[in-house]
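Here the structure comes first, spelled out in structure tokens, and everything after it is commentary.
Chain naming here is simple, since letters A, B, ... match the order of the sequence lines and numbering starts at 1 in each.
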There are 2 protein chains.
Amino acid sequence: MRTRLKDVAELAGVSVKTVSNVVNNYVHVTPELRARVTAALDELGYRPNLSARNLRLGRSGMIALALPSVRGAYFSELAHLIVREAEQHELTVLIDCTYGDLEREKNVVESFRTHLIDGIILVPWQLGTADLRAREDTTPLVLLGERMAQSADSVAIDSRAAGQAATEHLLDIGRRRIGVIRNLPRNTGGVVSRNRLNGYKRALAAAGLEFEPELIAEVDFSHGKDARLATDRLLALPEPIDALFCFNDELAMAAMRRLHEQGYRVPDDIAVIGVDGIATGTAVTPTLSTIDPDKQAIAETAVRMLVERIEGSAETGPRRVKAGFTLVPRESTMGQQHTRRRRRTAKHVSGH
Amino acid sequence: MRTRLKDVAELAGVSVKTVSNVVNNYVHVTPELRARVTAALDELGYRPNLSARNLRLGRSGMIALALPSVRGAYFSELAHLIVREAEQHELTVLIDCTYGDLEREKNVVESFRTHLIDGIILVPWQLGTADLRAREDTTPLVLLGERMAQSADSVAIDSRAAGQAATEHLLDIGRRRIGVIRNLPRNTGGVVSRNRLNGYKRALAAAGLEFEPELIAEVDFSHGKDARLATDRLLALPEPIDALFCFNDELAMAAMRRLHEQGYRVPDDIAVIGVDGIATGTAVTPTLSTIDPDKQAIAETAVRMLVERIEGSAETGPRRVKAGFTLVPRESTMGQQHTRRRRRTAKHVSGH
DNA sequence: CTGTTAGCGCGTTCAG
DNA sequence: CTGAACGCGCTAACAG
């Protein structure tokens, strides 16, 4: 059944240490011995016991990735990149879904698989600054999102700049009455959503337009039903809107769908832009204009920062890194002729 | 820094065993002692070392989920359900991406985090029956997909029935010249793709139609470019097609997009149906008709079978479970009026 | 270059 | 009901 280092040692007639050396590719082993050990190794079908190794070494080579859900397109793309990036550092990723639940988020930062994971990457949803400051667990932690940058390492795009860029794009193509569908801030934080809205306001102000609260609709989740209701509410306004800025792409796609059902043309009647740069945005008709965060950079940075913490090679205080994003104009704002003329115009905003 | 059971014991003035008892909620502990231990426990901020516990217990409470990628909508939805299901059994899921690479798949079933994971759920892409039969590792394994059902537990929908149902639906609405975009079988296996095609042929035969190889287009990946080329090839046929059966939803969405670009209307000119039942299928215009595998049942069954193997409570031989699927007709085959008349018609095919 | 030995932290016998 | 001692499998000192 399960064979231990010792069994192999006995069969090969050497000491445990020697077998260990061979397994771990140590240099100073006689070729002859190495051969004998190797033979014994796969005669017995030896598999190292990583629990024992971890116990001994004090690290496991695993990191946790905790996010609200791996179902949505944005998070699944991000998770993919993080898994890929972790691999470069010989780390395995352990996925945990928090469902945006506060208790689960607390559990992640306090006592999730203790001493079994070397570090944590968390996308917080409800967790507040206070929770983080009161944190007792010392497992290295990196946050994805702009929240609570004081209390731990974090990486995120500049949400206000993103909100501003999206709004400016709509203004650039001549829209003046821009509705917003924002996902509701779930806690006192809600910084991301609020910052995007601030960017929106800022762009309006710069264009000499007044901010009108009635143009802002809120939804709880990114799901179809809520987005539909929000869209309907904006469509019911006495003075009609001519553009829609949705705080994520799935919201935007649901809204576009609803606009179509209600007989509006996108972008002719109403231009639509989202945030996230999800892949399906290029597969729908019209293709979806979006603010595309540099997910690759986010993944790279998050893993790198975590590794630095794990190795203890990082400075002491919490670090806050800004990732870049790209405005990707597509048909939902530029119209069909856009696709034929220029294949892809993109404005870059690089990370800090 | 890190406090061990022993430290707590000393502070509380009791033995290690007693602390362990408290930590593990054993019954027979004096309330007074329990209180003292509990106090010491959180004064020192004790966190159990799971590596040590795992070593001692011989199991880890973790299972691996290995799939080609967590990026695509289908796999990410499936992963989500599996994580959720594993949670019910107090298991944590460790995600590994194989990228459909043979070496990586082999590594998963042979020596992936040995003795650290209690079981493996694998979506094989290239791995063959031979590899599986030659497998030396004894970690419990459940396969997702119809391949190699002889050599390990597996759960999947009946691909031939699915292919047949999709084709029959297109025939039902009066289409007679049905193009197919299939994802290329990557190895000698490719059972899923081949079975779906067999279902297609069978439906044609039942309708008295002849199978025409020129109607079958193959793509390597589900990605936009390939799907576009495949669509173009089918559109270039001398005798035009009136329907398109894509072997997955992302392919179908890319194809619909291409049809639109080329000036075809869906479903008026060409009806389109996919497979997978991904969420965005309801957000695009027209909404996508699809064969929707019972992902919940797949996740449930896979985890349950794995748990049975881990606990040793399963019969000896490999088990092969069929999951159900549902035909979900939407606008891409039924047209717009469909949406208004009946909200959702679905034909069920239950699992075996 | 190789063998011996002592823990890593925990659960679990066995005594008491 | 509680305390002491052992061993899970492995790596790293320390001899030799």
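- Ranking C:dT2, D:dC1, C:dC10 by closeness to the B:Thr30 side chain, first place goes to D:dC1.
- To the nearest angstrom, P of D:dC8 lies 18 Å from CZ of B:Arg59.
- Less than 4.0 Å separates DNA chain C from at least one heavy atom of each of the following residues of residues 13-20 of chain B: B:Lys17, B:Ser20.
- Listed nucleotides C:dG11, D:dC10, C:dG9 differ in distance to A:Arg56; the shortest reach to its side chain belongs to D:dC10.
- Within the 4.5 Å cutoff, the side chain of B:Met62 has heavy atoms near those of the A:Leu94 side chain.
- Rounded to an integer number of Å, the gap from CG of A:Leu57 to P of C:dG7 is 17 Å.
- We find that CG of A:Leu5 is positioned 13 Å from C1' of D:dA12, with the value rounded to whole Å.
- Taking 4.5 Å as the limit, some side-chain heavy atom of A:Leu65 sits within range of a side-chain heavy atom of A:Leu67.
- Nucleic acid contact class of B:Leu50 (heavy atoms, under 4.0 Å, all strands): none.
- Distance NZ (B:Lys6) to C1' (C:dC8): 12 Å, rounded to an integer number of Å.
- Side-chain N/O atoms of B:Arg71 and A:Ser76 include no donor and acceptor closer than 3.5 Å.
- Within the helix from C:dC1-D:dG16 to C:dG16-D:dC1, the inter-axis angle between the opening and closing five-pair segments is 40°, rounded to 10°.
- For A:Arg47, the salt bridge (Lys or Arg N to Asp or Glu O under 4.0 Å) partners are B:Glu110, B:Asp137, not counting sequence neighbours.
- If you measure from atom CG of B:Asn54 to atom C1' of C:dC10, you get 10 Å, rounded to the nearest angstrom.
- Note: CZ (B:Arg53) to P (C:dC8) measures 18 Å, nearest angstrom.
- Distance, A:Asn21 CG to D:dA12 P: 10 Å, rounded to whole Å.
- Side-chain N/O atoms of A:Thr38 and A:Asp42 include no donor and acceptor closer than 3.5 Å.
- Side-chain contact between A:Ser154 and A:Leu144 is absent, with no heavy atoms from C-beta onward closer than 4.5 Å.
- To the nearest angstrom, P of C:dG9 lies 19 Å from CZ of A:Arg113.
- Listed by chain and residue number, A:Arg36 satisfy the salt bridge (Lys or Arg N to Asp or Glu O under 4.0 Å) test with A:Glu32 (two or more places apart in sequence, or in another chain).
- For A:Glu308, the salt bridge (Lys or Arg N to Asp or Glu O under 4.0 Å) partners two or more places apart in sequence, or in a different chain, are A:Arg304, A:Arg319.
- Using a 4.0 Å heavy-atom criterion, one finds that A:Asn24 contacts the sugar-phosphate atoms exclusively.
- With sequence neighbours excluded, the residues forming a salt bridge (Lys or Arg N to Asp or Glu O under 4.0 Å) with B:Glu87 are A:Arg104, listed by chain and number.
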